[in-house]
Amino acid sequence: MDQLFDVSLFASALRMLTPILLAALGGAICARVGLFNVGLEGLMLIGAFSAIVGNYLTGSIALSLLFAIGCTLAFSLLFAFMSIQLQANVIVVGIALNFLALGLTTFSLRAIFDVKGAYYDKNMVGLPKLNIPVIEDIPWLGGVLSGHSVLVYASILIVAALHYYLFRTVSGFRLLAAGENPTAARSLGIKVTRIQYGAVLLCGVLCGLAGAQLSLGNVTMFTEGMTAGRGFIALVATMLGQSNPLGVAGASLLFGFMESLSIRLQGFAMPTHFTLMVPYVVTILAMLFFKDKGYMQEARKSSGSSR
Amino acid sequence: MLLQMEGITKSYGNVTANRNVSFNLRKGEIHALVGENGAGKTTLMRILYGMESQTSGEIKLGGKPVSFGSPTDAIRHGIGMVHQHFMLFPSFTVAENIVIGREPSRAIGFDRKAAAEETTRLAKRFGMPVDPWKRVGECSLGVQQRVEILKVLYQGAEIIILDEPTGVLTPIEVKELLAAIKELARQGKSFILISHKLGEIMEVADRITVLRDGEVTGTVNASDTGEEQLSRMMVGRELVQLGRSAAALGEKVLEAKGLTVRGSKTKPLLDGVSLNVKAGEIVGIAGISGNGQSELLQVLAGLLQPDEGTVELSGQDVTGASVQRIRGAGLAHIPEDRYLWGVSKEADVTENGIMGHTGRLSKNGILRRGKARSMVAEWVERFGVKTGSLDTKAQHLSGGNLQKLIVARELAQQSPFLIAAEPTRGVDVGAMEIIHAELLSKRDRQGAILLVSSELTEVLKLSDRILVMFEGRIAGELTAEEATEEKISLLMAGGKAVG
Amino acid sequence: MDKLGNWIKPLLQPLLALAAGLAVGAVAILIVGGSVTETYAEMWKGAFGNFYFITNTLARATPIILIGLGVALAFRAGFFNMGSEGQMVLGALSAAITAIHLPGPGWLKLIGAIVAGMLAGGIWSAFAGWLDAKYRMNLLITTLLLNYIATYFAGYIVTYPLKDTTGSAAMAQTVMLDKSAWLPKLFQGYSLHAGFLLAMLGTILLYLFMKHTVKGYEIRMLGGNPLFASYGGVQRGKLMFLSMFVSGGLAGLAGSVEVLGTQYRYLDGALTSPGYAWSGIMATLLAGSNPIGTAVAAILIAALQTGGMGMERNTDVPLEVSSIIQSVLILFVSAKLTYSFIKRKKAGAKNGPAV
Amino acid sequence: ACGSNSNNAGNEGAANGGGDDAVKKRIALVLPEQIGVNPFFALMDEGFKRAGEEFGAEVKTIESTDPAAFEQNLRSTVAENYDLIITATFQAEDALNKVAPENPDKSFAIIDTVVDQPNVRSVVFREHEAAFLLGAAAGLSTKTNKVGAVVAIDAPLLSKYTKGFEQGLKYTNENAEFFVNYVGNFEDSAKGKELAVLQHSKGADFIAGMAAVGDLGVFEAAKELGFYASGQDVDRTELDPEHIVLSQLKGTDAVAYETVKAFMGGTFEFGAADYGLKEDGVGLTFVTRESKSPLSPFIGQETVDKVKEIAEDIKSGKIEVVNPLAQ
Ligand SMILES: Nc1ncnc2c1ncn2[C@@H]1O[C@H](COP(=O)(O)OP(=O)(O)OP(=O)(O)O)[C@@H](O)[C@H]1O
Ligand SMILES: Nc1ncnc2c1ncn2[C@@H]1O[C@H](COP(=O)(O)OP(=O)(O)OP(=O)(O)O)[C@@H](O)[C@H]1O
Ligand SMILES: [Mg+2]
Ligand SMILES: [Mg+2]
């Protein structure tokens with residue numbers, strides 16, 4: 001068991017969960033304004049790709065992050081425009097954007113780098129790793145918490161900031177209102193559409209960061225379809241965390257931890273296929289404790305009482 | 001003249017909701033707007049509130065022409081509206097609901113404490129007490145209505161539009177609301193009040209404007225008119241006063257014993273309720289909403305499992321049985337909340353009409369659509385349901401017309417037992433008359449009816465026996481002869497029966 | 001004039017979408033230096049160029065239609081079944097195992113395999129329904145998660161216990177099915193197989209079921225407002241089970257016909273990598289859960305995919321261009337362009353004088 | 001072409017084509033996957049194109065997105081009347097087994113697996129031999145006596161690599177511990193890296209990448225944490241000679257090239273052929289083929305020499321490497 005639960009397990013969990021967490025936070029914001037964003041996978045992929053392009057073009061980490069954010073912003077603007085302005089079914093838009101992102105990144109990989117499948121340059125520099133002064137010297141904790149990429153720490157700050165924003169600020173309050181009862185919010189002169197746009201764009205930023213963490217943090221390369229389903233896991237984390245930043249963080253943590261654990265379990269005489277299942281099985285088991293609202297309440301909300 | 005609306009016409013395609021309507025409002029006045037369902041009251045007010053734009057006509061505020069592109073404009077000009085359907089955020093607190101849109105803040109932070117203080121201050125000033133920290137979803141409808149009005153007042157409205165504000169309130173809540181309105185009017189606020197309840201209009205209004213089919217039939221001073229005249233102006237004909245024949249009692253059709261529903265709260269929602277309904281009688285249940293009526297109905301209809309107690313219907317034990325079985329045993333059910341239980345908004349009139357009738361309308365599981373349509377068409381005709389066609393979606397019907405459809409559907413069951421919950425909520429006088437007549441005729445044909453209504457006059461008018469519920473129990477029983485509004489009100493508030 | 005307008009209106013949206021998709025695709029083609037007309041001609045040929053390519057497209061559409069129908073049924077009942085992939089995989093695996101091990105004549109194997117496939121898909125799907133009914137687990141999450149579990153499980157089965165040890169043994173796959181248990185091809189030498197007829201039959205049956213049966217009516221009402229349905233005596237639990245079961249069963253059928261009509265064995269990854277499940281969900285959503293519309297949308301999506309392959313075969317334009325066109329087209333089809341268009345016209349008429 | 005049981009109808013394809021000289025011969029390479037980063041296909045494509053140019057054939061490479069698409073592509077090339085249709089890998093087996101008999105007068109070739117049809121030429125590799133060499137080198141070089149492999153998926157195909165490696169490892173280093181971890185797919189480089197980090201944390205100082213795109217993650221971990229790694233198919237040491245110290249080779253380019261050459265030159269034969277160490281179809285950098293990169297001191301010339309001997313023994317049959325798929 002020592003072998004299972006060692007420092008590197010927790011450190012690895014932290015790295016694994018960061019992209020999921022960032023994207024899931026984006027998904028949560030969208031969910032809060034009533035837009036269920038299935039396109040997280042695509043947005044993340046665009047983020048991962050554009051971070052690498054930014055790095056290639058500018059050679060600067062800060063600029064490549066900005067570039068990644070810019071690209072995902074443009075992409076999420078498309079999502080917003082289609083689903084808010086043109087009233088398209090959000091789920092269709094999400095799925096279509098996933099396809100589009102995959103096609104676009106693969107296409108651009110060829111158009112920009114003239115390679116297929118992956119772009120890798122051993123001289124490319126990834127996100128800087130931070131050693132946290134005091135903590136790094138604490139025996140166990142230092143190994144787990146110190147020495148990760150800036151975005152790992154940033155994601156923790158973002159959780160706190162988002163929590164503060166949603167539940168403590170006026171603008172966050174209005175965002176919640178726009179999601180809870182858009183008709184009522186509109187009748188009070190709250191610019192619901194503008195808020196929805198804002199939420200989707202914020203989601204774009206977060207997915208951009210998630211992608212950058214993947215392509216410049218976890219590794220330093222871009223490979224086709226490198227999100228490998230993490231966007232969907234993020235979606236699950238969003239729902240499991242009930243679109244609450246802290247809840248989402250908890251769900252992502254569970255997932256990151258289980259994924260790292262599942263890797264380790266491969267050594268323990270269980271067929272790999274089953275160890276790979278572990279995170280999903282555990283998530284389902286965890287759902288036993290996070291009961292859904294139940295259809296009665298759902299229906300009550302959507303059918304709207306005649307009062 | 002504070003407000004003038006002149007020659008307002010509003011068309012939706014080929015429907016003209018308002019035709020050359022003129023309407024004005026004085027400062028400090030309570031001006032009632034009445035008319036049948038679909039007469040155009042809400043439309044007129046939506047135009048005033050900037051939610052719709054008129055096809056033609058002019059609005060003047062303090063003599064100056066104005067035009068509102070959005071509710072925000074209207075709010076800025078001191079016009080506030082309490083909508084026919086609540087515009088609240090159930091998961092937010094009372095204070096949050098009131099200050100939303102103009103939140104007190106510190107830097108970017110939302111100062112919830114200041115909001116609560118402001119709410120308490122406002123509530124005190126206008127005499128409408130609320131708990132600022134309570135979630136609105138957990139408040140009674142009366143309090144929710146109060147929150148709506150406080151919200152409008154917080155926004156600084158001078159002209160307040162109330163669209164059917166008393167539709168769901170209990171008599172006591174109605175009294176409190178009307179008192180509050182009067183007080184506010186005395187303080188200089190002006191009100192436009194839409195209601196189908198002529199009694200309360202006669203009580204508070206200074207002037208009354210009547211709409212019929214989108215046109216004004218007249219504006220009268222409240223002191224110069226009476227309910228009969230108003231009804232005539234609205235409907236365009238005399239209404240007949242229904243006489244109630246003596247009850248010819250038959251067998252017990254429904255017998256419930258010791259029904260208890262615990263729920264998650266400390267107090268049980270339903271606490272050992274026993275009652276029976278015999279063939280040929282209407283048993284009315286009165287009570288302030290939230291005292292277990294909803295739970296009682298849901299248990300009887302099979303939508304909620306009781307923790308204790310038994311229900312017998314037409315001699316069969318149906319305790320905890322499925323809705324299907326209970327309906328099979330002879331239940332029809334006009335639900336208390338038509339949008340929640342009564343219809344699927346996305347489905348059309350026919351589809352909504354055949355719920356519960358599919359057994360008779362099918363053969364080997366195949367639905368006979370032609371038969372279904374002619375059945376529903378007949379109801380639409382008989383009850384005067386105003387609908388574009390049988391394929392119109394339910395969400396496009398006005399509430400009153402939807403209610404007529406539901407009543408028709410349930411009466412057509414020809415079942416021995418009928419639950420009629422709020423059968424005329426939000427329904428105009430003409431339609432109310434039809435529904436009341438139908439209920440009484442069912443009773444006369446030896447039907448057993450359990451009537452639940454927050455409308456005391458309705459309970460008094462229709463019931464042969466009246467039960468009053470308080471805190472999940474039956475607080476008292478009165479016969480039609482001995483029941484008066486005072487006695488019932490006392491029981492409803494938890495007092496002892498005095499007669 | 002008016003008549004023409006009425007005729008054009010429903011076509012306006014798809015045409016606009018097509019134009020948008022092709023325009024974006026043209027830009028991409030130009031970027032890689034291809035000829036736009038030539039590329040599009042190849043794309044058309046690849047999808048509908050001749051009888052061979054038409055049947056090809058329909059063969060690819062077959063599993064997409066079936067999955068789409070299943071999803072449509074669940075959607076109609078108000079359940080967001082995102083688990084088609086897992087249901088399809090388990091269905092395919094069960095069909096393969098049955099066809100291999102069921103003794104008896106070919107037709108029996110075939111029917112047994114189809115039934116087993118539908119049962120497996122249906123049970124897996126109903127399991128998610130059960131979790132929802134019993135433990136109030138959000139169906140959308142569980143179905144998504146169950147996909148992973150199903151695919152890993154199927155992968156394990158064909159990697160270890162039921163691995164094909166005949167041929168090169170390099171693949172995680174079952175042995176090849178006996179020829180007698182193959183679904184017949186509709187035309188000799190063409191890939192279109194009898195599964196397509198099943199898909200067509202399914203489309204018509206589902207359409208009739210939804211529109212003309214009591215259960216179909218109850219399902220629609222349940223989806224519209226579950227409280228209304230239960231108020232009217234519809235048994236949500238039972239109906240949820242039924243609709244999830246049939247929904248998963250259709251996905252299972254999709255997997256089965258792929259195995260029995262195309263691959264003739266269960267091959268790990270062969271059903272997941274083409275993204276049939278997502279295509280099916282997309283077809284359903286595009287068609288607003290209408291069964292016939294779903295079939296049409298599925299064929300459209302399949303045509304874009306086969307057309308893309310044709311383009312890649314015969315031009316130097318990379319396949320991704322087709323997926324770009326596909327996604328842009330779908331984005332625009334789903335947009336309520338006509339909606340806003342008509343609304344704007346109305347608004348104009350409202351404010352201005354009548355024309 | 002050793003060990004192939006030649007078929008009489010061997011030259012039919014070429015002969016048929018020879019009928020009309022004016023028309024260039026058309027050869028298609030239909031791949032069951034997209035080339036992507038997969039050097040296996042990339043090399044094959046390269047050899048194919050080179051041969052096409054050199055021998056004056058009109059060549060066309062067609063990639064497929066998924067198995068269903070592959071069969072459609074294969075059938076399309078038949079419909080489009082190519083003179084020779086080359087395809088590759090076990091993924092193409094089923095389709096070819098269907099299409100070839102339906103078109104008995106067409107010529108086919110398949111690389112990396114055997115399809116037993118009269119009009120198909122099959123060429124396979126004995127990767128386990130190269131993997132044996134890699135394992136042997138690792139066994140000789142490891143200081144910690146712990147080595148690892150990060151593998152794409154737990155599928156029979158890849159056991160040719162892991163089992164071959166393990167045999168070689170045990171051959172040179174009885175006590176060495178061998179970690180195997182599976183990414184679960186062919187594209188997740190981030191997970192490949194995590195797995196490498198994990199194996200390194202358990203003490204492995206040499207980790208073989210067998211995970212397609214995931215290898216890039218292994219290489220990156222090697223660079224960051226300072227252990228040694230190996231790549232696949234082509235000489236990956238060029239990426240980072242300091243950490244990527246070996247590469248297991250597979251000559252798909254040569255095979256594709258030879259196939260086209262034989263077809264154009266009229267020496268094309270149906271039947272099966274396999275390429276191992278002996279035929280120079282597979283190999284290991286520094287051992288069977290020189291590399292542009294400097295030899296890492298971690299491996300050392302001594303080890304290279306020893307492994308060279310082992311290679312000779314395998315060629316001569318003195319050492320028998322078990323093919324796990326043949327069991
Ligand atoms: N958005 C709309 N589109 C089309 N017709 C509409 C629309 N809104 C209202 N109408 C029509 O205008 C008429 C008047 O509706 P309005 O809501 O003003 O009635 P009302 O007097 O408020 O009725 P009620 O007493 O039921 O509240 C209705 O008959 C309806 O057909
Ligand atoms: N999209 C629409 N198309 C046509 N008519 C509509 C539409 N939306 C609303 N209406 C009409 O607007 C009016 C107001 O609708 P609403 O839901 O407020 O009815 P209501 O005022 O509750 O009716 P009631 O007073 O009978 O309860 C109704 O008469 C309805 O017919
Ligand atoms: Mg109204
Ligand atoms: Mg009304």
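The sequence lines fix the lettering, A, B, ..., with proteins before strands; numbering per chain opens at 1.
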Where do [X] and [Y] come nearest, in terms of heavy atoms and distance?
X: Met137(C); Y: Ile284(A); value: CE-O, 3.5 Å
X: Ile141(C); Y: Leu240(A); value: CD1-N, 3.9 Å
X: Phe107(A); Y: Ala28(C); value: CZ-O, 3.3 Å
X: Ser327(C); Y: Ala96(A); value: CB-O, 3.2 Å

I'd like to check [X] versus [Y] (side-chain heavy atoms, cut-off strictly below 4.5 Å). Are they in contact?
X: Met287(A); Y: Leu145(C); result: yes
X: Phe80(C); Y: Ile91(A); result: yes
X: Ile330(C); Y: Val93(A); result: no
X: Val32(C); Y: Arg110(A); result: no
X: Phe99(A); Y: Met282(C); result: yes

At a 4.5 Å cut-off on heavy atoms, which part of [X] comes close to chain A: side chain, backbone, both, or neither?
X: Ala133(C); result: neither
X: Thr159(C); result: side chain
X: Leu331(C); result: both
X: Ile31(C); result: side chain

Rounded to the nearest 0.5 Å, what separation is found between the [atom1] atom of [X] and the [atom2] atom of [Y]?
X: Ile324(C); Y: Leu104(A); atom1: CD1; atom2: CG; result: 4.5 Å
X: Leu276(A); Y: Tyr152(C); atom1: CG; atom2: OH; result: 4.5 Å
X: Leu100(A); Y: Glu320(C); atom1: CG; atom2: CD; result: 12.0 Å
X: His273(A); Y: Ile157(C); atom1: NE2; atom2: CD1; result: 9.5 Å

request  = Evaluate whether atom CZ of Phe113(A) has more than 12 neighbouring non-hydrogen atoms of other residues, nucleotides or ligands under 6.0 angstrom away.
outcome  =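 Enclosed.
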
task = Please state whether the rings of Tyr280(A) and Tyr148(C) are parallel, tilted or perpendicular, taking 30° and 60° as the class boundaries.
result =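 Parallel.
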
Plane angle bin for Phe274(A) and Phe153(C) - parallel if under 30°, tilted between 30 and 60°, otherwise perpendicular =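 Phe153(C) vs Phe274(A) ring planes: perpendicular.
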
query = By a 4.5 Å heavy-atom criterion (distance strictly below it), what part of Phe36(A) contacts chain C: side chain, backbone, both, or neither?
reply =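 Contact with chain C is through the side chain of Phe36(A) alone.
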
request  = Find the one option among Ser322(C), Gly155(C), Ser323(C) whose heavy-atom pairs under 4.5 Å with chain A are most numerous.
outcome  =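 Most pairs with chain A among the choices: Gly155(C).
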
inquiry  = Please evaluate residues Tyr156(C) and Met277(A) with respect to the criterion side chain to side chain contact (heavy atoms under 4.5 Å, CB included), reporting the C-alpha separation (whole Å), side-chain torsions for both, the decisive distance (0.1 Å), and the verdict.
reply    = CA-CA 11 Å; Tyr156(C) 168 77; Met277(A) 263 183 227; 5.8 Å; no

